[in-house]
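Here is the structure we will look at, set down as structure tokens.
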Amino acid sequence: MRNAIRFSWGENQGFIRPQEFEGLRPSMQAVHTMIREGTGAGADFLGWRDLPAAYDQEEYRRIKEAAKRIQKDCRVFVVVGIGGSYLGARAVIEYLRSPLYNMLPKDTPEIYYAGNCLSASALEEVFRLIGDRDVCINVISKSGTTTEPAVAFRVLRAYMEKRYGEEGAAGRIYVTTDKCRGTLKQFSDKKGYETFVVPDDVGGRFSVLTAVGLLPIAVAGIDIDALMSGAEAGMKLYAAPDYTANDAYRYAMTRRILNAKGKQIEVLVSYEPYGQMLNEWWKQLFGESEGKDHKGIFPASVVFSTDLHSMGQFIQDGSRNLFETVVSVEQADVSFPVADDPQNIDGLNFLSGVEMDRVKATAAKGTLLAHVDGGVPNLSVCVDRRDEYALGQLLYFFEMAVAASGYLSGVNPFDQPGVEAYKKNMFALLGKPGYEDLRAALQTRLDS
């Protein structure tokens with residue numbers, strides 16, 4: 001079994017003493033029991049824990065078959081979903097392929113995303129991108145009534161039926177939803193759409209390794225067997241009860257120690273543009289899991305060295321309430337040496353022949369030293385190489401870490417009660433039946 005992830009808590013930076021981990025050991029042991037035995041709050045949503053080794057093999061086979069069919073039937077694939085219903089898939093696709101995936105030569109369909117906002121212009125642009133090319137769609141929603149994807153699906157479904165006919169559209173629409181219940185499941189069965197399952201015991205932000213993420217990922221031609229194998233390795237590695245043998249636990253404990261010292265913001269750092277959507281997935285995972293009961297570390301992200309020229313000043317010299325977690329890839333997958341300039345116009349001939357990856361790694365070392373000197377703790381998550389196996393292990397690392405970190409901070413890491421507040425207000429103000437009293441109260445506040 002390959003251990004593709006190496007975590008370091010900045011042992012020599014002076015922000016944390018080793019004995020502080022020992023002080024948290026009893027709490028971490030209690031959290032371990034809660035995770036392994038399901039005795040903590042939200043235990044009904046621990047399905048992600050054993051998922052890499054306990055997934056539905058028959059559905060997994062159907063995912064692969066559907067992906068091949070989609071690749072054959074269309075040149076454009078539209079993923080309709082919001083939050084965890086699309087972020088995980090997009091993160092994996094852009095990390096392993098490219099943020100420019102749709103513009104690069106390939107044998108797989110272009111992939112676009114809809115239903116993740118309420119922008120008319122964004123939806124209209126999807127139709128312009130489709131043009132006259134054949135299209136398939138995958139709508140992802142547990143209930144089918146979440147406003148953003150439901151609105152987009154309504155528009156896209158009408159388009160598909162007008163273009164292909166009701167029966168033809170049914171062969172191009174794939175639905176990932178509840179196994180038995182819900183508006184979308186009932187409607188899909190009536191229409192004859194092929195359906196896949198959002199498991200009852202896996203929350204949306206943990207669902208990337210279910211059909212929610214795996215179908216779009218497979219459509220992009222990514223090896224989902226290797227992705228799941230890496231996640232299974234993570235499942236085994238991060239099941240160790242003692243933090244000294246469990247990097248996911250050590251990361252969770254490091255976050256809690258720093259939070260107790262006044263560090264209220266964690267900045268996830270990538271040094272590659274292909275890490276940007278992984279950063280977005282991570283922000284939802286940690287923000288939605290921990291941000292409740294007036295607790296939690298605010299998750300932010302940057303892509304260096306680009307953002308060193310915009311956010312670098314604040315990180316170096318602003319409020320000392322943050323720390324950084326740097327995700328780096330050890331083995332470069334592209335060789336690109338700096339060219340020589342006989343005239344040395346820019347004065348950079350000292351870099352002639354040097355690999356750009358070495359320049360990047362040196363910039364990362366210099367940045368770490370500068371930020372640590374400026375009072376910013378730096379944690380490190382080092383990935384051995386950019387492939388499906390390592391990414392599967394990294395996804396599981398973060399999932400286990402946020403579960404442990406949430407429990408350590410005294411919250412239920414698997415619910416999201418705050419998300420419902422805006423939905424209720426929106427429904428009321430839009431005139432949804434059953435919300436009349438709330439609408440009146442809100443309108444009074446808006447008019448005052």
Side-chain angles (χ1 to χ4, degrees), residues 1-11 16 21 28 32 35 48-53 88 91-92 94-96 205-206 208-209 213 217 222-256 258 266-272 274-283 285-286 289 299 301 303-304 323-333 357 360-361 364-365 368 377-405:
M1 179 176 64
R2 169 180 148 212
N3 185 354
I5 310 298
R6 187 174 69 255
F7 171 72
S8 172
W9 51 272
E11 292 87 335
I16 299 176
F21 287 96
M28 190 65 250
H32 174 76
I35 293 173
W48 58 271
R49 185 192 59 197
D50 302 317
L51 181 65
V92 171
E94 295 196 8
Y95 183 95
L96 292 173
R205 57 190 177 275
F206 290 84
V208 59
L209 299 175
I217 291 167
I222 291 168
D223 184 352
I224 61 173
D225 288 341
L227 188 73
M228 295 299 282
S229 293
E232 185 174 6
M235 184 186 76
K236 295 173 181 176
L237 287 165
Y238 310 131
D242 193 270
Y243 76 89
T244 59
N246 189 325
D247 274 352
Y249 284 178
R250 188 153 41 210
Y251 173 46
M253 294 169 75
T254 305
R255 298 176 80 250
R256 298 268 56 84
L258 290 172
E266 179 176 12
V267 182
L268 193 73
V269 179
S270 173
Y271 273 85
E272 288 285 353
Y274 62 68
Q276 184 167 356
M277 287 308 300
L278 183 67
N279 288 356
E280 296 301 314
W281 171 82
W282 173 88
K283 285 195 287 190
L285 180 69
F286 278 78
S289 296
S301 67
V303 176
F304 288 162
F323 65 97
E324 294 175 295
T325 298
V326 180
V327 178
S328 60
V329 179
E330 190 169 23
Q331 181 176 315
D333 54 354
D357 199 69
K360 179 188 71 178
K365 291 176 183 177
L368 181 149
N378 265 240
L379 316 182
S380 171
V381 178
C382 185
V383 182
D384 64 354
R385 54 184 177 267
R386 180 189 177 193
D387 64 12
E388 288 90 341
Y389 182 96
L391 181 55
Q393 189 173 323
L394 180 64
L395 294 171
Y396 195 91
F397 169 84
F398 281 132
E399 289 179 347
M400 180 59 74
V402 78
S405 186

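All heavy atoms count here, side chains included; hydrogens, waters and symmetry mates do not. Along the sequence shown, residues are numbered consecutively beginning with 1. Computed from a predicted model, the values in this text were never measured in an experiment.
Between the CD atom of E11 and the CG atom of L379 there is a distance of 9.5 Å, given to the nearest 0.5 Å. To the nearest 0.5 Å, the span separating CG on L268 from OG on S301 amounts to 6.5 Å. Interatomic distance, OG1 of T325 versus CZ of F7, reported as 7.0 Å (0.5 Å rounding). Residue Y243 holds its OH atom at 11.5 Å from CE of M28, rounded to the nearest 0.5 Å. Atom CG of residue L209 and atom CD of residue E399 lie 6.0 Å apart, to the nearest 0.5 angstrom. Atom CG of D223 and atom CE of M228 lie 11.5 Å apart (nearest 0.5 Å).
F21 and M253 make their closest contact through O-CE, 3.3 Å (heavy atoms, listed as atom of the first residue, atom of the second, distance). Residues V269 and F304 come closest through the heavy atom pair CG1-CD1, 3.3 Å. Closest heavy-atom contact between A91 and W281: CB-CB, 4.0 Å. Shown here for C382 and E330, the closest heavy-atom pair between the two residues is SG-CB, 3.9 Å. For Y249 against A404, the heavy-atom pair with the smallest separation is CD2-CB, 4.0 Å. Between N246 and A239, the shortest heavy-atom contact is ND2-N, 3.9 Å.
Of the possible polar contacts, one joining the N3 side chain to the I5 backbone as a donor-acceptor pair under 3.5 Å is found. Formation of a donor-acceptor pair under 3.5 Å by the Q393 side chain with backbone atoms of A4 is found in this model. A donor-acceptor pair is defined here as one N or O able to donate and one able to accept, closer than 3.5 Å; no such pair exists between the side chain of N378 and the backbone of L368. Side-chain atoms of R385 do not come within 3.5 Å of backbone N or O of V329 as any donor-acceptor pair.
Put simply, the side chain of M235 does not reach to within 4.5 Å of the side chain of R49, judged on heavy atoms. When side chains are defined from C-beta on, E266 does not count as touching P299, because their heavy atoms never get closer than 4.5 Å. L285 has its side chain within reach of F206: a pair of non-hydrogen atoms, C-beta onward, lies under 4.5 Å apart. In this structure the side chain of S380 never reaches within 4.5 angstrom of the side chain of W9, judged on heavy atoms. Between E388 and Y95 there is no side-chain heavy-atom pair separated by less than 4.5 Å. Residues L237 and D247 form no side-chain contact, since every pair of their non-hydrogen atoms from C-beta on lies 4.5 Å or further apart.
Listed by chain and number, the residues in a side-chain contact (heavy atoms from CB on, under 4.5 Å) with A364 are Y271 (sequence neighbours excluded). Considering only residues two or more places apart in sequence or on other chains, F397 meets the ring pair (Phe, Tyr, Trp, His ring centres under 6.0 Å) condition with Y238, Y251. Every residue meeting the side-chain contact (heavy atoms from CB on, under 4.5 Å) condition with A332, not counting sequence neighbours, appears here in chain and number order: D357.
Relative ring orientation between F398 and W282 is described as perpendicular, the plane-to-plane angle rising above 60° on a 0-90° scale split at 30° and 60°.
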>> Checking R250 against D242 for the salt bridge (Lys or Arg N to Asp or Glu O under 4.0 Å) test, could you report, in this order, the C-alpha distance in whole Å, the side-chain angles of both residues, the deciding distance, and whether it holds?
In response: CA-CA 9 Å; R250 188 153 41 210; D242 193 270; over 6 Å; no
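Checked options R6, R2, Q331; the residue passing with D384 is R2 (criterion: side-chain hydrogen bond (donor to acceptor under 3.5 Å, both in side chains)).
Open room surrounds CD on Q276; 12 or fewer heavy atoms of other groups in view lie less than 6.0 Å from it.
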